[in-house]
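I'd like to ask some things about the structure below.
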Amino acid sequence: GQALALRGIRKTYNLGLPTAVEVLRGVDLAIAPGEVVALVAPSGAGKSTLLHIAGLLDTPDEGQVQLNGTDMTRLGDRQRTLARRDLVGFVYQFHHLLPEFTALENIVLPQLAHGTPRKAAEDRARDLMDRVGVGPRALHRPAQLSGGEQQRVAFCRALANAPRLLLADEPTGNLDPDTSDRVFEALMVLVRSTGLAALIATHNLGLASRMDRVLRLDAGRVVPA
Ligand code: ADP
Ligand code: ADP
């Protein structure tokens with residue numbers, strides 16, 4: 001099955017009110033396991049809305065969300081939350097790391113919450129950090145890291161519980177262009193080495209062109225770029 005399949009997704013904010021905004025107007029999209037797909041669109045086009053629906057953080061008004069071949073639209077809230085924790089990793093423009101914990105703990109904690117024993121969780125965290133070059137920063141707190149290092153740690157945290165799908169919203173949008181390039185490369189190394197499927201929203205056409213496929217969000221629909 002597909003890692004992610006969206007069919008006929010529609011979403012309107014303020015449904016029924018005079019100022020209703022129809023953001024998604026029938027989105028169809030499929031991403032195979034291991035495929036890395038860019039989503040390019042101007043600000044306000046609905047990228048965040050689409051990523052939130054794909055990641056089970058929000059529900060569509062109409063349409064179907066399938067993760068790993070399973071229809072998620074029929075699940076109750078509790079089951080949807082569990083499915084999200086198992087299947088989806090999120091990365092945002094800002095790292096959202098917990099400031100009072102070390103980089104290592106930020107990657108270990110979600111695994112403990114998931115039932116992984118501490119030793120295994122630490123081993124996995126260190127392995128992920130080594131792959132993106134932040135191994136030596138394991139015991140630093142987020143404020144002691146550069147912006148690029150903070151994002152690398154956030155990538156590791158997103159992958160901590162071995163999700164099937166990575167959803168990233170402008171993952172390097174907060175960094176200067178040179179750093180952005182290197183940090184994006186680190187993200188690709190991580191994604192490729194785990195065989196993960198990824199949907200990555202970006203304004204950066206240079207970065208988008210390095211992914212397997214580029215899609216555009218246009219007038220509420222997803223089309224090839
Ligand atoms: P993007 O991520 O592409 O910038 P968003 O998905 O954040 O776009 O927003 C798409 C449109 O939906 C915008 O016009 C935005 O103002 C509107 N919107 C987003 N979230 C809400 C909300 N919770 N309530 C009302 N309107 C919203
Ligand atoms: P990156 O390319 O990973 O963003 P930079 O080029 O910004 O890294 O930073 C180079 C080095 O300087 C990094 O190893 C980082 O640890 C250190 N550094 C940058 N900013 C800070 C900071 N605010 N506090 C402590 N060390 C920092």
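Source: prediction; values computed, not measured. Counting starts at 1 for both ligands and their atoms, following the listed order. The chain is numbered in sequence order, starting from 1.
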Between Asp58 and Lys11, does at least one N-O distance fall below 4.0 Å, as a salt bridge requires? yes
Which residues share a salt bridge (charged side-chain N to carboxylate O under 4.0 Å, His left out) with Arg124, sequence neighbours left out: none
If you look at each N/O of ligand 1, which protein N/O atoms lie under 3.5 Å away, and at what distance?
{"from": "ligand 1", "atom 1": "2 (O)", "to": "Ser48", "atom 2": "N", "distance (Å)": "2.8"}
{"from": "ligand 1", "atom 1": "2 (O)", "to": "Ser48", "atom 2": "OG", "distance (Å)": "2.7"}
{"from": "ligand 1", "atom 1": "3 (O)", "to": "Gly44", "atom 2": "N", "distance (Å)": "3.4"}
{"from": "ligand 1", "atom 1": "3 (O)", "to": "Ala45", "atom 2": "N", "distance (Å)": "3.2"}
{"from": "ligand 1", "atom 1": "3 (O)", "to": "Gly46", "atom 2": "N", "distance (Å)": "2.9"}
{"from": "ligand 1", "atom 1": "3 (O)", "to": "Lys47", "atom 2": "N", "distance (Å)": "2.8"}
{"from": "ligand 1", "atom 1": "4 (O)", "to": "Gly44", "atom 2": "N", "distance (Å)": "2.7"}
{"from": "ligand 1", "atom 1": "6 (O)", "to": "Thr49", "atom 2": "N", "distance (Å)": "2.9"}
{"from": "ligand 1", "atom 1": "6 (O)", "to": "Thr49", "atom 2": "OG1", "distance (Å)": "2.6"}
{"from": "ligand 1", "atom 1": "8 (O)", "to": "Gly46", "atom 2": "N", "distance (Å)": "3.1"}

Once side-chain contact (heavy atoms from CB on, under 4.5 Å) is applied, do any residues pair with Ala121, and if so which ones, sequence neighbours excluded? Val108, Gln111, Leu112, Thr116
Sorted by chain and number, sequence neighbours left out, salt bridge (charged side-chain N to carboxylate O under 4.0 Å, His left out) with Asp130 holds for none
Are the charged groups of Arg131 and Asp127 less than 4.0 angstrom apart, N to O? yes
Any ion pair linking Arg118 and Glu105 (charged N to carboxylate O, less than 4.0 Å)? yes
